[in-house]
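The chains referred to below are lettered A, B, ... by the order of the sequence lines, with proteins before strands, and numbering in each begins at 1. Note that the structure is predicted; figures quoted are calculated from it, not measured.
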Amino acid sequence: MTVVFDRPKALLDVPTHYCPGCTHGVIHRLVAEVIDELGILDKTIGVAPVGCSVLAYDYFACDMYEAAHGRAPAVATGIKRAVPDSVVFTYQGDGDLAAIGTAEIVHAAARGEKITTIFVNNAIYGMTGGQMAPTTLPGQVTETSPYGRDVKTAGYPIRVSEMISTLDGAVYVERVSVDSVPNIIKAKKAIKKAFEIQLQGLGFSLVEVLSICPTNWGLSPNESVKWLRDNMIPYYPLGVKKDATTGEVK
Amino acid sequence: MADKVLMKGNEAIGEAAIHAGCQCFFGYPITPQTEVAAYMSRRMPKVGRVFLQAESEVAAINMVYGAAGAGVRVMTSSSSPGISLKAEGISYIAGAELPCVIINIVRGGPGLGGIQPAQSDYFQATKGGGHGDYRLVVFAPASVQEMVDLVQDAFDVADKYRNPVMVMGDGMLGQMMEPVEFKERPKKELPEKTWAANGLKGREKHNIINSLFLKPEELEAHNNKLQEKYREIEKNEVRYELYNCDEEMDLVIVSYGTLSRICKNAIKMLKKEGINVGLIRPITLWPYPVEAFDKVIDKTKNGFISVEMSCGQMLEDVQLAVNGRKPVHFYGRSGGMVPTPAEIANKIKGIVGGAK
């Protein structure tokens with residue numbers, strides 16, 4: 001009998017706490033498959049954030065850290081500098097990375113830290129119950145923007161990938177989405193490339209993954225996928241934002 | 001015996017850390033400790049180790065968390081407002097039980113305060129600073145030589161207990177030059193860091209560096225374990241100096257750090273006037289040397305005086321140690337004002353009633 005589908009070794013055989021329909025599970029799996037395919041489980045160290053993926057340290061089979069809110073890139077910097085032959089990744093949400101942790105992510109990228117950041121953008125604070133995030137779209141209703149995000153008082157969403165791609169230390173930056181099978185396949189390719197950039201010692205790599213939050217968006221998983229396509233992708237265009245290995249900058 | 005060299009306090013801190021096997025230093029400029037970072041930026045690459053200037057104190061302490069979790073010896077240094085920024089990370093480090101050394105070259109506060117020497121971070125260092133039930137071991141050297149010795153000891157104590165250790169000096173100690181010697185140190189037997197998250201490398205189960213315990217019973221069990229460790233530290237690691245405490249005394253000064261040296265001069269001045277004053281110099285601010293008070297309490301006529309460059313912070317620990325058995329007085333200056341020996345002597349004469 002041929003096994004055609006199995007749990008990646010880099011994921012532990014444990015139930016996760018994610019809500020039904022949440023795409024964190026898909027993204028975890030993609031990271032784990034990449035770790036398996038590159039054969040780097042033995043030297044990979046992951047850093048979980050504060051947010052919905054706070055417990056990711058219980059799900060990945062590699063050595064793991066739980067960082068303070070927003071500080072994962074600084075923690076990852078400390079690990080990578082202390083153990084230069086390790087492969088270090090941070091897994092962060094949009095509240096963690098794009099609000100409280102902006103200084104840490106910008107400077108890790110600017111220094112060209114040889115780490116990989118998986119940035120999960122679902123346009124909302126999930127764990128605390130659906131408050132406005134720095135990535136919440138104009139007009140989007142959340143618990144703390146009950147009349148819709150008013151750009152006159154709450155400002156505009158941050159396009160993290162575009163911002164990071166302006167930094168010389170950032171070698172590879174791509175925005176992907178997990179709303180469809182073709183996009184999931186592209187997302188995995190991007191994540192793999194980001195890890196390869198690190199393995200080659202080239203510098204900082206970041207993959208922004210557009211993700212859904214059915215629970216806090218108040219939509220079914222299917223409606224959520226449609227909402228992502230109709231609203232998020234136009235504001236957050238997919239694709240490679242920077243690839244210094246080919247000289248591509250968008 | 002090793003040769004003596006003349007070194008500035010802040011630079012001696014850096015060299016002591018290198019001697020202790022510090023592999024990584026993460027810092028951020030702030031007066032009056034910037035020379036620590038500057039020294040490390042020169043020396044660390046020369047000995048094949050890591051120096052990194054972080055984007056903030058917040059980032060620096062989280063880099064410490066990362067490196068300490070990977071099992072290497074790591075240090076950061078800052079001064080008062082910077083330590084406030086590090087407080088979040090220090091709490092996580094204490095919660096995750098990671099060994100590291102944190103230097104605080106204290107300046108006057110609150111707020112941006114000033115840049116002159118002070119001791120006004122005593123509460124922050126010994127009573128918390130960050131959130132939660134945790135303790136730092138706090139060393140308070142009084143000379144550059146003692147700074148060198150204690151910084152090296154700090155790495156051992158941190159590793160022994162898996163606990164952050166703070167070495168607290170003031171701007172005076174950081175800036176002054178004194179001859180120092182880097183003594184041969186016997187190799188300490190320290191526990192292996194089997195908990196370090198530095199890559200599986202064949203290990204079966206992954207290691208997790210973490211301070212999150214969502215189940216209340218688990219968090220309480222974790223806290224109880226920390227408390228047991230702190231009791232063990234209190235039993236083993238108390239350090240203090242007793243100066244001129246052998247005879248009957250009119251009063252006992254309690255003072256630490258560079259200020260204790262000024263107090264010793266005041267004691268010498270008073271001796272000429274027939275007033276006999278002793279000194280308890282806490283070397284560990286936590287664990288606090290309560291036993292030192294028990295040793296001298298029956299020999300002091302007028303009790304104790306806490307002499308500080310702060311507004312009565314250590315005073316509370318003195319009162320707790322004395323526990324109402326004798327009077328406790330206070331003399332303090334703040335804001336970067338350093339008391340003179342004459343000033344301290346006059347205050348003491350006011351308490352003990354002039355020349356005998």
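Here Leu52(B) is the residue among Leu212(B), Val50(B), Leu52(B) with the most heavy-atom pairs under 4.5 Å with chain A. In terms of heavy-atom pairs under 4.5 angstrom with chain B, the leader among Cys62(A), Gly70(A), Ala67(A), Pro73(A) is Cys62(A). Of the listed residues Ala108(A), Ala61(A), Pro84(A), the one with more heavy-atom pairs under 4.5 angstrom with chain B than any other is Ala61(A). Ranked by heavy-atom pairs under 4.5 Å with chain B, the first of Ala72(A), Gly101(A), Gly78(A) is Gly78(A). When each of Ala82(A), Ala74(A), Gly46(A), Ala110(A) is scored by its heavy-atom pairs under 4.5 Å with chain B, the top score falls to Ala74(A). With respect to chain A, the highest number of heavy-atom pairs below 4.5 Å among Val58(B), Ile208(B), Val74(B) belongs to Ile208(B). When Val72(B), Asn198(B), Leu214(B) are compared by the number of non-hydrogen pairs under 4.5 Å with chain A, Asn198(B) comes out ahead.
Within a 6.0 Å sphere centred on NZ of Lys127(B), heavy atoms belonging to other residues, nucleotides or ligands number more than 12.
The only option from Arg175(A), Lys241(A), Lys242(A) that meets the salt bridge (charged side-chain N to carboxylate O under 4.0 Å, His left out) definition with Glu208(A) turns out to be Arg175(A).
Side-chain rings of Phe89(A) and Phe60(A) approach one another, their centers coming within less than 6.0 Å. The six-membered or imidazole ring of Tyr57(A) lies away from that of His206(B), with a centre-to-centre distance of 6.0 Å or more.
Of the two parts of Ala196(B), only the backbone, made up of N, CA, C and O, holds a non-hydrogen atom closer than 4.5 Å to a non-hydrogen atom of chain A. For Leu12(A), the part sitting under 4.5 Å from any heavy atom of chain B is the side chain, from C-beta outward, and nothing else. Proximity to chain A is limited to the side chain of Glu88(B), based on heavy atoms less than 4.5 angstrom apart. Contact of Ala68(A) with chain B is made through backbone and side chain together, with heavy-atom distances under 4.5 Å. Heavy atoms of Phe26(B) lying under 4.5 Å from chain A belong exclusively to its side chain. Within the 4.5 angstrom heavy-atom criterion, no atom of Ile61(B) approaches chain A.
Side-chain atoms of Arg49(B) and Phe51(B), non-hydrogen and from C-beta on, never get closer than 4.5 Å to each other.
With hydrogens and angles left out, the side-chain atoms of Gln131(A) and Thr142(A) include no donor and acceptor closer than 3.5 Å. At a cut-off of 3.5 Å, with distance as the only test, a side-chain donor of His69(A) or Asp96(A) sits close to an acceptor on the other residue.
Ile45(A) and Ala197(B) get closest at one heavy-atom pair: CD1-O, 3.6 Å. Considering all non-hydrogen atoms of both residues, Pro8(A) and Arg29(A) come closest at CD-NH1, 3.5 Å.
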